[in-house]
Amino acid sequence: MRINENLAQSGLTQANTVVDGYRQRLQTDYGYPIEITRTESRSGPGATSRSYWDQRTPLPHHWMEIAPCAPWLEPHKLAHELTHIALECEAHQAGRRKTHLLLQPTYLRLLAAIDPCLRDDERLLQKLFSLSLNVAVDLVVESRTRRDFPDLIPAQFINLHRFEERNAREYPAIWQRTIASPELLQAMDALVAVRTLFADSIAPSPLKHYDRFRGPPAGELAEQLHADFQSAFSRGMAPGDHYDLADRWAVLLGLPGLHDWDPRPAFEVSKPAPQLEII
């Protein structure tokens, strides 16, 4: 970790130049400004973004928010969010961009398949809806970042492993309080595990975060998800293929049809029912 921190610090000027150039290129190529907001709070996610089409108001810009962090870690976080925006821009240009929805018929169908339905199943299903897409796309984003921006690799190593260290502390406590169906808990475990497996694979370290998930059922399922991603990425992913990846993962997780899609921008889509709060 210390070696990567030293490399990230020494390469900060070049990393900032690379990321600023990436932002400028996306703005020029796709025609919308990318606004960056810096928050003062460290309590939320390190960074987040919304493309123009995924905002609930038709504002003519893409939006990113980043929380305080060490200066040498910020370029990687920004590049991560910019790549999320790039994926949507590329899909839009190719005529394949879609808005992500969980519609009432899908929600009720998936709940009806759970018997018996336990106390936290509704909340967990909502969480799986958002997390399954986020994890699948994050693997695409981090792989592209590593491929396209070698200057950011030291900071990527630190950010990925710090995330996994925090996850190892916090995740078990969350699910000790959860009363939900085994199939949903297994799907959640697999999504946490596949991100951990990915971090260990793309940025190997002696920490080996994935070891705690090895074996059935979550580990085996995570390895299937990871293999599916690796196969898709190694073949070359065309614009919009990240939506297909999320759909294949839903099938592997035992939640076929989890993701509803609409070709219209979010601000043109009538309010989906139910209006679920994604936690």
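Predicted, not measured: the structure shown is a model, and the values here were computed from it.
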Practice problem: Start with the C-alpha distance between Asp54 and Lys98, add both sets of side-chain angles, then the distance that settles salt bridge (Lys or Arg N to Asp or Glu O under 4.0 Å), and finish with yes or no. | Solution: CA-CA 9 Å; Asp54 288 331; Lys98 302 175 186 177; over 6 Å; no
Of all the heavy-atom pairs spanning [X] and [Y], show the shortest one and how long it is.
{"X": "Ala246", "Y": "Trp261", "result": "CB-CZ2, 4.3 Å"}
{"X": "Ala266", "Y": "Arg56", "result": "O-NH1, 2.9 Å"}
{"X": "Ala86", "Y": "Leu26", "result": "CB-CD2, 3.8 Å"}
{"X": "Pro75", "Y": "Leu12", "result": "CG-CD1, 3.9 Å"}
{"X": "Gly236", "Y": "Asp241", "result": "O-OD2, 4.4 Å"}
{"X": "Ser181", "Y": "Pro116", "result": "OG-O, 3.5 Å"}

If you define the side chain from C-beta out and look only at heavy atoms, does anything of [X] sit under 4.5 Å from [Y]?
{"X": "Arg38", "Y": "Glu74", "answer": "yes"}
{"X": "Pro154", "Y": "Glu5", "answer": "no"}
{"X": "Asp29", "Y": "Gln93", "answer": "no"}
{"X": "Leu191", "Y": "Leu253", "answer": "yes"}
{"X": "Tyr30", "Y": "His92", "answer": "no"}
{"X": "Thr83", "Y": "Asp148", "answer": "no"}
{"X": "Met64", "Y": "Thr37", "answer": "no"}
{"X": "Tyr210", "Y": "Glu223", "answer": "yes"}

Would you say the side chains of [X] and [Y] form a donor-acceptor pair under 3.5 Å?
{"X": "Asn159", "Y": "His76", "value": "yes"}
{"X": "Ser49", "Y": "Glu81", "value": "yes"}
{"X": "His62", "Y": "Glu35", "value": "no"}
{"X": "Ser143", "Y": "Arg147", "value": "no"}
{"X": "His242", "Y": "Glu90", "value": "no"}
{"X": "His209", "Y": "Asn167", "value": "no"}

Exercise. Report the C-alpha distance between Glu88 and Tyr52 in whole Å, list the side-chain angles of each, state the deciding distance to 0.1 Å, and finish with yes or no for side-chain contact (heavy atoms from CB on, under 4.5 Å).
Key: CA-CA 9 Å; Glu88 299 309 306; Tyr52 162 68; over 6 Å; no
Closer than 4.0 angstrom, basic N to acidic O: yes or no for [X] and [Y]?
{"X": "Arg96", "Y": "Asp244", "result": "yes"}
{"X": "Arg195", "Y": "Asp138", "result": "yes"}
{"X": "Asp120", "Y": "Arg177", "result": "no"}

Quiz item: Any chance CZ of Arg50 has more than 12 other-residue heavy atoms, nucleotides or ligands included, within less than 6.0 Å?
Solution: no
Would you please name every residue forming a side-chain hydrogen bond (donor to acceptor under 3.5 Å, both in side chains) with [X], sequence neighbours left out?
{"X": "Arg162", "result": "none"}
{"X": "Arg214", "result": "Asp211"}
{"X": "Tyr171", "result": "Trp175, Asp189"}

Quiz prompt | Ring centroid separation Trp249 to His259 under 6.0 Å | solution = no
Quiz item: Between Tyr32 and His61, is the gap from one ring center to the other below 6.0 Å?
Solution: no
Quiz item: Can you list the other members of the hydrophobic cluster that holds Leu59, where links are side-chain heavy atoms under 4.5 angstrom apart?
Solution: none
Self-check item: Ile179: hydrophobic cluster co-members (side-chain, 4.5 Å)
Solution: Leu118
Practice problem: Using salt bridge (Lys or Arg N to Asp or Glu O under 4.0 Å) as the criterion, list what pairs up with Asp115, not counting sequence neighbours. | Solution: none
Are [X] and [Y] connected in the hydrophobic side-chain network, where two residues link if heavy atoms are under 4.5 Å apart?
{"X": "Tyr22", "Y": "Val18", "value": "yes"}
{"X": "Phe267", "Y": "Trp63", "value": "no"}
{"X": "Val140", "Y": "Trp53", "value": "no"}
{"X": "Leu111", "Y": "Leu258", "value": "yes"}
{"X": "Phe163", "Y": "Leu152", "value": "no"}

Quiz prompt | Backbone N/O of Arg264 and side chain of Thr99: donor-acceptor pair under 3.5 Å | solution = yes
Exercise. State which residue, out of Lys208, Glu164, His226, fulfils the side chain to side chain donor-acceptor pair (under 3.5 Å) condition with Thr196.
Key: Glu164
